[in-house]
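Basis for what follows: all heavy atoms, side chains included, without hydrogens, waters or symmetry-related copies. In what follows, chains are A, B, ... by sequence order, proteins preceding strands, each numbered from 1. All values reported here derive from a predicted model rather than from experimental measurement.
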Amino acid sequence: MPELPEVETIRRQLAPELLGRRIDCVRVYHDDLLLGPRNRREFRRLCRGRRLGPAGRRAKFLLFPLHREDACDAKPEAVIRTQLRMTGRFWLGGQRPDPLEFRHPGAEFVLDDGRTLFYDDVRRLGGFDILSIPEWRAVEGRLGPEPLSASFTARRLARRLEPLRAPIKHVLLDQRRIAGIGNIYASEALHRASIDPFKPAGTLAYGEIARLHRAVRRVLREALDASGTSFSDYRAPDGRSGSFQNRLRVYGREGAPCLRCSTSLERAVQGGRSTFYCPQCQR
DNA sequence: CTTGTACCCTGACCGC
DNA sequence: TGCGGTCAGGGTACAA
């Protein structure tokens, strides 16, 4: 479901509410929501009684640092890594969320202020694992740069694309190359940069890469400012929708006119996923 | 190393 | 009303 702007929106809403809270009780309703090697009992044991540090995000992962009760100021000893994948959602409140809207309860984290963090996931492709800090550092080291960070430059992007023969659209989805971009914003960025999604990444001219770099940052920034893109099921934890779906230029607009040149937009399948593009102005 | 494919799972929708 | 096929914002394991 969510890409970088949606996950970051969720993080911003949850972070101030969760900071310093103690996890008193954990319930996990499906084994397949535990994505790591730990079973439910181990997961509960590692969470219970821990205090939450500031919620973080890297790529599309939400991170909940866990501190020992007696050493809250020190570095966390572990982190809960959450992946929402396609349909994972959070809701935080004093009672259960509306069961008509949250029909697939996956897990609950009861906090010491009486509220509970609920996780709901229709397809159960998302979930949690607990990583020690060295384990997390190893995982994080394999991820590509954060596209909104100051250190993500066009030059750096060019170096990462240069050896790759795969289509640029496919490369944008590869979290080892660039972190946080998913199927919506890959199509949107390529359209804004007027680049053919099928073009092999390593054949892009530097000028094209510079345009792509700007387009990626701009579209993610604008989506973040709009609290993300909401289709039928995505909601932020406060229940509000994002509004960026009104500003998508190609995603989901197959057959509609290109906003730049009026050519009918097309949909193609790359690596099993839809790519939306303008056959006229993306070359 | 790269690249492609299968797979995890449920639900909405479309054509028959 | 039912049935089969397709599609959905993701990531990983595995084979070639």
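- Ion pairing of A:Glu3 with A:Lys60 is absent here, as no side-chain N (NZ or NE/NH1/NH2) approaches a carboxylate O to less than 4.0 Å.
- Taking only side-chain atoms of A:Ala166, from C-beta outward, the nucleotide of B:dT3, C:dG9, B:dT2 with the closest atom is B:dT3.
- Ion pairing of A:Arg247 with A:Glu188 is absent here, as no side-chain N (NZ or NE/NH1/NH2) approaches a carboxylate O to less than 4.0 Å.
- Position along DNA chain B of the nearest nucleotide to A:Gly271 versus A:Leu164 favours A:Leu164 as the more 5'-ward residue.
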At a cut-off of 3.5 Å, list every protein nitrogen or oxygen paired with a nitrogen or oxygen from nucleotides 6-8 of chain C, distance to 0.1 Å.
{"residue": "C:dA8", "atom": "OP1", "partner": "A:Ser274", "partner atom": "OG", "Å": "2.3"}
{"residue": "C:dA8", "atom": "N3", "partner": "A:Arg123", "partner atom": "NH1", "Å": "3.2"}

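- Look at the P atom in both C:dC3 and B:dC9: the space between them is 22 Å, to the nearest Å.
- Base pairing in DNA chain C yields stems of at least 3 consecutive Watson-Crick or G-U pairs, both distances under 3.5 Å, namely B:2-8 with C:10-16, B:10-16 with C:2-8.
- Side-chain rings of A:Phe64 and A:Phe128 stay apart, their centers remaining 6.0 Å or farther from each other.
- Within 4.0 Å of A:His104, counting heavy atoms only, lie sugar-phosphate atoms of the nucleic acid but no base atom.
- The pair A:Asp129-A:Arg38 fails the salt-bridge criterion, with no side-chain N (NZ, NE, NH1 or NH2) lying under 4.0 Å from an Asp/Glu carboxylate O.
- Nucleotides C:dG9 and B:dT3 have their C1' atoms positioned 24 Å apart, rounded to a whole Å.
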So which protein N/O to nucleotides 12-16 of chain C N/O distances come out below 3.5 Å?
none

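- Applying the 4.0 Å criterion to OP1 and OP2 of C:dG9, one finds that A:Lys60 has every side-chain N and O outside that range.
- Relative to the six-membered ring of A:Phe102, A:Arg89 meets both conditions, a distance below 6.0 Å and an angle of at most 45° to the axis.
- Side-chain atoms of A:Val122 lie closest to B:dT10 of the nucleotides B:dT10, B:dC8, C:dG9.
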Go through the steps for A:Phe276 and A:Leu248 under the test side chain to side chain contact (heavy atoms under 4.5 Å, CB included), then give the verdict.
-> CA-CA 11 Å; A:Phe276 296 89; A:Leu248 298 174; over 6 Å; no
